[in-house]
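Within every chain, numbering begins at 1; the chains are lettered A, B, ... in the order of the sequence lines, protein sequences first and strands thereafter. Fair warning: this is a prediction, and the values are worked out from it, not measured in the lab.
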There are 2 protein chains.
Amino acid sequence: MSPNKSPKRLVVEPEPIAKIGRAEHTRAEILDAAFKFLWSRPFRDMTVNALMATIPQSRTAFYMYFDDIHGLMAALLKKLESEILKGASPWLCDDGDPVALLYESLAAEAQFGYQCGPFIKAVSDAAATNAGLEDQWNTLLDRFDDAVSERIAADQELGLIEAFDPRPVATALNQFDAAKYVRKFGHRPRSRLQPVADAIARVWISTLYGHQWTTGRTSELYRKQVPGSH
Amino acid sequence: MSPNKSPKRLVVEPEPIAKIGRAEHTRAEILDAAFKFLWSRPFRDMTVNALMATIPQSRTAFYMYFDDIHGLMAALLKKLESEILKGASPWLCDDGDPVALLYESLAAEAQFGYQCGPFIKAVSDAAATNAGLEDQWNTLLDRFDDAVSERIAADQELGLIEAFDPRPVATALNQFDAAKYVRKFGHRPRSRLQPVADAIARVWISTLYGHQWTTGRTSELYRKQVPGSH
DNA sequence: ACTAAAGTATGACACGATGTCACCAAATAA
DNA sequence: TTATTTGGTGACATCGTGTCATACTTTAGT
């Protein structure tokens, strides 16, 4: 029953009440409560009722800060967005060995997915029950598709990746990631991080750069394969 | 407002009342009403109330046949499953040019996705709000992953596809399809079928068999690319 | 310090959806 | 015809929602 071991903070812990406005404080308190709630229970159980029961405020206080439970999720998702984009992948920006960078990026992303697993699932569940949130979520996913497409195109220019329309491939890969995180890290106990990260890296690298790169980078999964250069 | 042009029947039209039992008839009537409902309105709007308002029966009659709205979806999904598996892909079973067969299979699948778009979206939405349904849906998706994995493995034996662990790739591809259908055909007006089918085919074929196969098969999308072998 | 205004929080309420139950009606069998 | 089974219903208790009038708290003005 105890909400064991909270995740790395996504939401600011409500700060000492004196320093910031009372309203600000309450709002943060609600957001924080929501994040904690979703850590241990599915989105469908998070009614305004149930959520506000976890903090001293009255249920109606909720409506001072959010339109409804989906409005709350939208606010939470906004925080997630900045978090995500902050750790923006080295692969997307840096120069250097593309395969190595990609591997790094995906590892970092998987790490993040692991940390926020149940919350990510909550967002994708919530998106299914609300049009506005669905848009917001899709927009975020699209941004990923854009970034990845661009990077693919760049490497195609350099001849590192074969020529093909980058977008559908980018979409497929991103969707794959998101679905994997939701399914592997969305429920507790979460699956172990490493195998999931490996599987994802293998699919990306072999899809984009070819199978010969995957060996020896992924930690366990497909050790048998291929030595040669290409 | 008029629920224009109903989809290809997934659910049996309630048959003449005399022949089959009254109960059977009512149950079919409800299932049919639900399918029609979902054709024009999202799952989240389908309350027992709203649904039963579309047929002469009283609201409480619903509970004679289903536990709740998710029970209804489960029943509907079961019908969908048989439909899907009936048209089971030639690529998965037949012999012959694998690329051609795959193209055919995907086209048929896309066609089906197009026909049931809003309903498929409804199922995936409903799965997000109910644990049992989520399992049922995931199981169905897994079955696809299995089938595709097997076929990939078979073609790897024949040297038609490079050696790699088939499962994560199969999963990625299937997830890609499902997400595309939901997003492109899940709302009305639905996107046009052809471009979606092309995009999907291109991703599958180039991922599995290599890029040299995609030209000339896809109807419009990427005519510019690649003549040569690679 | 006192008061007014603004900001914040709450209980009570009306509404709509749910699922159950005791009861009614229709079909069938005796 | 009556008795029994099967199918269907209205009324009800419960729960979640969102709003509103009201009350409490803080801040600013004098």
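- We find that CG of Asp67(B) is positioned 13 Å from C1' of dT20(C), with the value rounded to whole Å.
- Relative to the side chain of Met64(A), the nucleotides dT18(C), dA12(C), dA9(C) differ in distance, and dA9(C) lies closest.
- Residue-environment remark: CG (Asp45(A)) exceeds the threshold of 12 foreign heavy atoms within 6.0 Å.
- You'll find that the side chain of Tyr63(A) is closest to dG18(D), out of dG11(C), dT8(C), dG18(D).
- Look at CD on Gln57(A): it is 11 Å from P on dG11(C), rounded to the nearest Å.
- Residue Lys121(A) places its NZ atom among more than 12 non-hydrogen atoms of other residues, nucleotides or ligands, all under 6.0 Å distant.
- In this model, no side-chain donor or acceptor of Arg59(A) finds a partner on the base of dG11(C) within 3.5 Å.
- Rounded to whole angstrom, the span from the CE atom of Met52(A) across to the C1' atom of dT17(D) amounts to 14 Å.
- For Phe176(A) and Phe176(B), the ring centers are positioned 6.0 Å apart or more.
- Atom pair Leu72(A):CG and dT17(D):P shows a separation of 12 Å (rounding to whole Å applied).
- Using a 30° and 60° split on the angle between ring planes, Tyr181(A) and Phe185(A) fall in the parallel class, below 30°.
- Note: CD (Glu24(A)) to P (dT8(C)) measures 9 Å, nearest angstrom.
- Residue Asp68(B) has its side chain nearest to dG19(C) when only dG7(D), dA9(C), dG19(C) are considered.
- Between Ile55(B) atom CD1 and dG8(D) atom C1' there is a gap of 12 Å when expressed in whole angstrom units.
- Rounded to whole angstrom, the span from the CG atom of Asn49(A) across to the P atom of dT14(D) amounts to 15 Å.
- Counting heavy-atom neighbours within 6.0 Å of Asp142(B) CG, excluding the residue itself, gives a total above 12.
- Closest contact between the side chain of Tyr65(A) and the listed nucleotides dT18(C), dA9(C), dT9(D) involves dA9(C).
- Considering only side-chain N and O atoms, Thr60(B) lies nowhere under 4.0 angstrom from the phosphate OP1 or OP2 of dG10(D).
- As a whole-Å value, the separation of Phe62(B) CZ from dA17(C) C1' is 12 Å.
- Relative to the side chain of Ser58(A), the nucleotides dG10(D), dA9(C), dT17(D) differ in distance, and dA9(C) lies closest.
- Comparing dT10(C), dT17(D), dT9(D) by their closest approach to the side chain of Ala61(B) singles out dT9(D).
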